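All values reported here derive from a predicted model rather than from experimental measurement.
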Number of protein chains: 2
Amino acid sequence: MTIDPRSHTPVYVQLAELLRQRIESGELTPGSALPSEARLTQEYGIGREAVRMAISLLRSEGLVVTVRGHGSYVRAAPERRRVELPPGAAVVARMPSGNERRAMQLDEGVPVLEVRGPEGDVEVLPGDEVELTRPPS
Amino acid sequence: MTIDPRSHTPVYVQLAELLRQRIESGELTPGSALPSEARLTQEYGIGREAVRMAISLLRSEGLVVTVRGHGSYVRAAPERRRVELPPGAAVVARMPSGNERRAMQLDEGVPVLEVRGPEGDVEVLPGDEVELTRPPS
DNA sequence: ATCAATTTGTGCGTATGTATA
DNA sequence: CTATACATACGCACAAATTGA
């Protein structure tokens, strides 16, 4: 697969799909580095902004993390601990605000789970570290 | 509040915070349009890229939606329907892939809930439309 | 059915700052 | 200290979508 600048799908979306394939196919394993922006720019003959938007897209999906001055890496999702949803509780999923994200030290593209207990108490959990369960009856 | 180009916090983050305040304060109500990129550029004396990155940030948080050729709007979150998490089920939150997002017609910055039933069956729910509940015991 | 105005999308070039190796 | 790499920010240009005259 290559990139077609004349396609109606944006160059950066095409590149994101290519990189996504290389990640999901296992060619790029969790923890491994993506090619640098400069390399991607040269190899695909596209502009830097397209490269950065593609990586930004993957970042917002939680697929990669970018370390400034170092590079972008395939994100290794942490182990999920099981958390039991208490009886009478309700939970919604949403994206954290910027402050919230920094406070909880969440990577980009990671949602939070907002659990409201029966007493109205609220708990916010990192969406990539927990699996909410309800025990069998 | 104004924008300080000399601050160590990026201009686009400062603008995003300003806009976030204007949304949360109710000055910009759900459904109303944000100022155009050109207006924000002029009013704050910053470049278009900073404006676009600020809006992109708010979009990735699910706060605004952008319609090409029209403008950016404060996102009106839909009503949440209550969905009961079945006994023996588990749920994780994550961001949808690009294809998934388009297929489910989700706005940017909206996570999905992946519910795994006790039989291993999987259901993916739009994260902005459901509230998962566990009935009181 | 056109046309023009507005607005966002894409792309390129350039410069400077900051973090890492 | 230097080189590399990503981050921020500005400018300009043109494409594409929407709206309304």
Asker: Looking at dA9(D), dT7(C), dC6(D), which one has an atom nearest to any side-chain atom of Ser36(B)?
Answerer: dT7(C)

Asker: Val51(B) and side chain to side chain contact (heavy atoms under 4.5 Å, CB included): which single residue from Leu19(B), Leu34(B), Leu15(B) fits?
Answerer: Leu15(B)

Asker: Evaluate the side chain to side chain contact (heavy atoms under 4.5 Å, CB included) criterion for residues Glu84(A) and Arg134(B): first the C-alpha distance (whole Å), next the side-chain angles of each, then the deciding distance (0.1 Å), finally the verdict.
Answerer: CA-CA 10 Å; Glu84(A) 184 183 324; Arg134(B) 176 182 175 185; 3.0 Å; yes

Asker: In whole angstrom, what separates His70(B)'s NE2 from dA16(D)'s C1'?
Answerer: 15 Å

Asker: Please tell me which of Pro35(B) and Glu49(B) maps to the more 5' nucleotide of DNA chain C, matching each residue to the nucleotide holding its nearest heavy atom.
Answerer: Pro35(B)

Asker: Checking all strands, does Gly69(B) fall into the base, sugar-phosphate, or nothing category for heavy-atom contacts under 4.0 angstrom?
Answerer: base

Asker: Between atom CZ in Arg68(B) and atom P in dA15(D), what is the gap in whole Å?
Answerer: 12 Å

Asker: From C-beta outward on Met53(A), which listed nucleotide comes closest to its side chain: dT18(D), dT10(C), dC6(D)?
Answerer: dT10(C)

Asker: Has Arg80(A) got a side-chain atom pairing as donor or acceptor with Val130(A)'s backbone, closer than 3.5 angstrom?
Answerer: yes

Asker: Leu15(A) has an atom CG; how far is it from atom P of dG11(C), in whole Å?
Answerer: 11 Å

Asker: Flag yes if Val64(B) and Leu57(B) sit in one hydrophobic cluster, no otherwise; membership is Ile, Leu, Val, Met, Phe, Trp, Tyr, and two members link when side-chain heavy atoms are under 4.5 Å apart.
Answerer: no

Asker: dT10(C) C1' sits how many Å from Ile55(B) CD1, rounded?
Answerer: 16 Å

Asker: Kindly state each residue pair satisfying side-chain hydrogen bond (donor to acceptor under 3.5 Å, both in side chains) with at least one member in residues 23-36 of chain B, sequence neighbours excluded.
Answerer: Arg22(B)-Glu27(B)

Asker: Figure out the CZ/P separation between Arg52(A) and dC12(C), and round it to whole Å.
Answerer: 15 Å

Asker: What's the CZ-C1' distance between Arg6(B) and dA9(D), to the nearest Å?
Answerer: 14 Å

Asker: Taking OP1 and OP2 of dA9(D), is either one under 4.0 Å from a side-chain nitrogen or oxygen of Arg48(B)?
Answerer: no

Asker: Which whole-number value in Å describes the distance from Leu34(B) CG to dT6(C) C1'?
Answerer: 16 Å

Asker: Arg39(A) CZ to dA3(D) P: how many Å, rounded?
Answerer: 20 Å

Asker: Below the 4.0 Å mark, does dT10(C) have OP1 or OP2 next to a side-chain nitrogen or oxygen of Tyr12(A)?
Answerer: yes

Asker: By nearest heavy atom, map Val67(A) and Val67(B) onto DNA chain C; which one lands nearer the 5' end?
Answerer: Val67(B)

